[in-house]
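These notes are about the structure you will find just below.
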Amino acid sequence: MTGTPTSIGLDTAGMAKRLADDIHDAWYVNLGVGLPTEVANYVTEEREVVFHSENGILGMGPTPGDNEIDPWLVNAGKKPVTLRPGASLFHHADSFAMIRGGHIDLCVLGGYEVSQAGDLANWTTPSGDLMPAVGGAMDLAVGAKRTWILMRHTTKDGQPKLVETCTYPLTAPAAVDRVYTELGVFEIRDGGLHVVSLSEGLDLETVQARTGATLHA
Amino acid sequence: MTGTPTSIGLDTAGMAKRLADDIHDAWYVNLGVGLPTEVANYVTEEREVVFHSENGILGMGPTPGDNEIDPWLVNAGKKPVTLRPGASLFHHADSFAMIRGGHIDLCVLGGYEVSQAGDLANWTTPSGDLMPAVGGAMDLAVGAKRTWILMRHTTKDGQPKLVETCTYPLTAPAAVDRVYTELGVFEIRDGGLHVVSLSEGLDLETVQARTGATLHA
Amino acid sequence: MIDKRVASLTEALEGIGDGATVMIGGFGAVGQPDALVDALAEIGPRDLTIIANNAGWSAETGISHLMARGLVRKMICSFPKGSEVFKSLYTAGKIELEIVPQGTLAERIRCGGAGIPAFFTATGYQTKLSESKETREFDGRHYVMERSLTADVALVEAWKADRWGNLIYRGSSRNFNPIMSMAAQLTIAQASEIVDGDGLEPNAVVTPGIFVNRVVQVESRVDDLLRAQKAS
Amino acid sequence: MIDKRVASLTEALEGIGDGATVMIGGFGAVGQPDALVDALAEIGPRDLTIIANNAGWSAETGISHLMARGLVRKMICSFPKGSEVFKSLYTAGKIELEIVPQGTLAERIRCGGAGIPAFFTATGYQTKLSESKETREFDGRHYVMERSLTADVALVEAWKADRWGNLIYRGSSRNFNPIMSMAAQLTIAQASEIVDGDGLEPNAVVTPGIFVNRVVQVESRVDDLLRAQKAS
């Protein structure tokens with residue numbers, strides 16, 4: 001548990017790809033705004049993973065070309081998207097019925113902190129943001145069948161983001177199933193962090209040194 | 001308050017027509033199964049009263065001719081109906097959101113008993129039916145903006161159905177706004193029955209004699 | 001490739017065991033998945049709890065057919081009148097009944113699908129149907145707390161479907177089908193037509209495929225059923 | 001004859017007074033009734049409570065425009081980030097904020113329209129957003145009790161409408177519009193097109209006219225708005 005900045009492990013594209021490889025074909029998946037959105041770039045169309053957007057879309061396709069933009073069709077990040085065959089459109093209450101009702105197989109969110117108990121903090125800072133905003137993160141974290149977090153292993157100044165107990169305000173308690181970082185993949189079960197895999201060239205000691213809770217091999 | 005059977009006042013067609021005349025143009029109206037359904041026959045198409053059916057229709061039109069029946073389109077009594085211009089179709093949760101949410105201007109229901117406080121009993125007998133069934137009556141009685149009851153003034157053996165206190169199991173307390181019988185029209189307010197109008201040729205004394213609670217002129 | 005189409009009713013119904021809770025769509029004959037229900041009666045799982053608006057009307061088909069075969073332990077519905085089979089079983093004490101106001105039934109099912117365990121409604125307050133239920137006042141009005149309903153299986157009827165499980169309906173046949181599709185672990189749809197190619201138009205879809213597990217094509221018999229219902 | 005069409009934005013907005021609670025549809029620019037909101041800013045009712053997902057993005061248009069004019073007392077939303085106007089008012093203590101998780105916001109609005117005063121959700125349990133709220137355990141899981149939301153007025157955007165007030169939407173522009181239409185005393189829709197004759201196809205209607213009081217035709221500016229949003 002040191003303050004060393006990590007410049008080791010995967011780049012962000014590698015992180016997104018690593019997570020994408022674990023998504024099952026035909027799953028219904030909601031990708032959070034930011035880095036999680038990148039995951040879609042590493043899921044081929046043939047796999048028919050169905051991407052859900054909380055503003056009322058199932059079956060989102062890739063970003064359209066400049067001449068193919070439909071301004072009425074945007075994702076949760078308010079960016080233009082396309083529809084794939086088999087898509088459907090619906091309103092916000094139905095969209096969150098899908099989320100809250102446990103119909104989404106997987107949501108991928110960013111994180112400020114994740115505790116070994118699976119507590120997630122990803123919506124505001126301890127001091128309270130100047131302007132707090134929560135969006136759909138709390139609904140997704142408690143509602144989806146699986147919540148995977150895609151985030152850097154440490155903060156910019158090297159503090160671990162995988163911790164024993166969150167110091168940031170919670171988004172949801174005991175909600176996280178897995179965490180994907182540039183250093184590895186970690187599963188949360190029985191109140192502890194279990195290593196699924198470490199990124200190429202890294203050993204447990206190196207990763208443990210950057211982690212604020214005990215890693216179980 | 002006698003046991004005299006009533007053969008005075010309006011016939012059922014007259015009762016339905018009397019109530020139909022009080023419906024405002026452009027109201028959204030749900031008509032219960034049985035006699036209330038007859039009310040639609042006395043509302044002309046030009047008035048654009050929008051009839052709601054709890055199984056998911058707004059804008060029901062008249063019964064189709066034998067060659068025009070669409071078997072997939074039935075009313076709450078499971079009888080074939082038609083659609084008028086401006087109609088819409090929806091599912092049961094949305095249909096009862098309209099009802100429970102106070103969007104229906106008027107529901108017309110039958111009644112076993114109505115008390116001077118507006119309590120309605122119309123779904124089961126004191127002994128409990130051999131087979132109880134409630135349908136949408138409870139939702140309609142509490143949800144619609146106005147609940148009007150269309151019923152005979154007395155039972156077959158001459159007992160009053162407008163009473164001080166219901167002896168039948170309630171459908172809803174304090175739910176009824178008006179009662180239409182063959183003898184007259186009665187408004188319920190401030191815990192009492194107020195005469196709106198009496199059917200032609202009848203005086204208050206005659207109607208009071210067939211009523212189980214005090215009528216206010 | 002996502003392909004929720006199955007070739008037969010038997011395949012569609014695979015895995016429904018004794019003691020299952022089964023939601024069955026329809027309002028009377030319209031929107032009732034008659035072929036699925038009749039095939040389920042042939043398969044014969046026992047001690048079923050059925051959640052539906054009605055209890056059927058004929059021992060030959062649908063929910064009453066299941067009952068006539070002795071497969072139903074409990075009925076949760078709003079309006080069981082019209083079923084002679086149910087009536088005789090009920091009066092003989094051979095079947096349980098939970099009567100639910102129709103709008104409360106619809107909302108309990110929707111909430112079951114939407115992850116809401118309980119809600120409040122004014123419907124049923126101070127009636128026999130809320131006698132054992134918690135009540136509460138909000139802003140001067142009285143409400144009953146109702147629990148949501150979920151099921152192991154939902155059997156639904158659609159007009160058209162596609163291989164992703166998207167469904168659209170005809171006429172008044174939506175009724176309970178879209179909300180039941182949301183509320184079950186396993187949702188099985190019979191559809192008159194399964195469209196090929198790119199599937200249904202996204203803006204026209206009423207039940208998104210996320211709620212549907214299996215789709216089987218069968219000709220709708222609603223014409224016949226309505227005739228039978230009329231005759232009965 | 002039922003005819004909910006009105007000729008101008010001013011006529012459409014008639015009767016919105018100081019202190020009104022106003023729901024505004026849209027998710028960002030898409031489905032936002034921009035013309036109605038900007039015309040409301042011109043009319044200038046004060047002390048408004050606005051219920052919307054976002055707080056706008058530009059002082060020139062939409063919700064931020066209302067705020068820039070000093071008309072908004074309180075904002076109930078899930079994601080006010082992106083509005084500089086809101087940020088400066090909020091940090092200066094000149095506007096109240098109630099942050100609501102997006103799905104809870106949607107369900108509170110739907111329940112408001114559906115006559116359900118309160119419901120339970122697991123969302124927000126053990127977070128700052130439920131600190132003052134009642135919690136309850138059902139079947140071993142913990143939930144927060146949430147109250148429904150209603151409004152004096154809902155401003156919504158549709159793609160097509162008819163004289164009965166039926167609405168359909170384009171792309172992802174349904175978002176909060178159908179549920180807000182249900183939850184207000186007075187629902188006012190701007191639509192790109194109002195169809196004549198027999199109206200919209202009954203099976204295609206998303207918002208039935210029963211929920212809509214007035215319809216006004218205006219060209220949608222979503223292209224422009226998205227460009228502006230991108231540039232800002």
Side-chain angles (χ1 to χ4, degrees), chain B residues 23-30 43-61 70 72-74 81-107 136 138-145 147 172 175, chain D residues 1-5 23 106-119 148-151 154 158 160-169 174 178-187 189 194-215:
Chain B
I23 295 176
H24 290 213
D25 292 2
W27 270 5
Y28 295 90
V29 177
N30 183 295
V43 178
T44 60
E45 196 158 342
E46 307 83 75
R47 295 180 53 190
E48 290 214 318
V49 170
V50 182
F51 290 108
H52 172 266
S53 187
E54 55 262 42
N55 56 320
I57 309 173
L58 265 182
M60 272 193 300
D70 176 353
W72 278 262
L73 195 69
V74 300
V81 290
T82 51
L83 296 182
R84 285 194 176 159
S88 54
L89 300 162
F90 34 86
H91 63 54
H92 248 83
D94 283 348
S95 185
F96 280 86
M98 290 177 196
I99 293 170
R100 198 189 308 100
H103 305 280
I104 303 289
D105 292 298
L106 170 67
C107 75
M138 289 187 180
D139 306 279
L140 284 160
V142 305
K145 283 181 195 155
T147 297
Chain D
M1 193 175 96
I2 296 175
D3 193 352
K4 301 185 179 181
R5 293 172 293 187
M23 290 178 176
E107 191 64 19
R108 289 177 67 189
I109 294 165
R110 182 195 173 272
C111 284
I116 293 167
F119 64 95
S148 62
L149 285 169
T150 55
K160 293 186 185 180
D162 62 26
R163 68 174 170 90
W164 294 271
N166 295 308
L167 307 179
I168 61 174
Y169 304 89
R174 294 190 196 188
I179 51 177
M180 287 179 171
S181 298
M182 298 166 62
Q185 284 299 312
L186 173 65
T187 294
I194 302 183
V195 303
D196 283 329
D198 284 357
L200 297 167
E201 208 277 303
N203 212 359
V205 170
V206 173
T207 295
I210 190 171
F211 298 126
V212 178
N213 301 91
R214 300 174 192 162
V215 175

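If you're wondering where the values come from, they're calculated on a predicted model, not measured in any experiment.
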- Which heavy atom in D:Pro208 sits nearest to a heavy atom in B:Leu58, and how many Å separate them? CB-CD1, 3.8 Å
- Kindly give the heavy-atom pair with the smallest separation between D:Arg163 and B:Glu48, and that separation in Å. NH1-OE1, 2.9 Å
- Separation of B:Leu83 CG from D:Glu201 CD (nearest 0.5 Å): 9.0 Å
- Any donor-acceptor pair under 3.5 Å linking the side chain of B:Arg100 with the backbone of D:Gly115? no
- Item | Pairwise distance CD1(D:Ile210) to CE(B:Met98) - rounded to 0.5 angstrom | 5.5 Å
- Reported CZ-to-CD1 distance for the pair B:Arg47 and D:Ile2, which is rounded to 0.5 angstrom: 11.5 Å
- Message: Would the distance check show the side chain of D:Asn203 and the main-chain N or O of B:Leu89 forming a donor-acceptor pair, the cut-off being under 3.5 Å?
- Response: no
- Query: Where do B:Ala97 and D:Met182 come nearest, in terms of heavy atoms and distance?
  - Reply: CB-CE, 3.6 Å
- Task: Quick one: pull up CG in D:Asp162 and OG in B:Ser88 and give me the separation to the nearest 0.5 Å.
- Result: 9.0 Å
- Message: Are B:Pro85 and D:Trp164 packed together at the side-chain level, in the sense that at least one heavy-atom pair is separated by less than 4.5 angstrom?
- Response: yes
- Query: What residue in B:Gly102, B:Gly59, B:Gly143, B:Ala87 has the most heavy-atom pairs under 4.5 Å with chain D?
  - Reply: B:Ala87
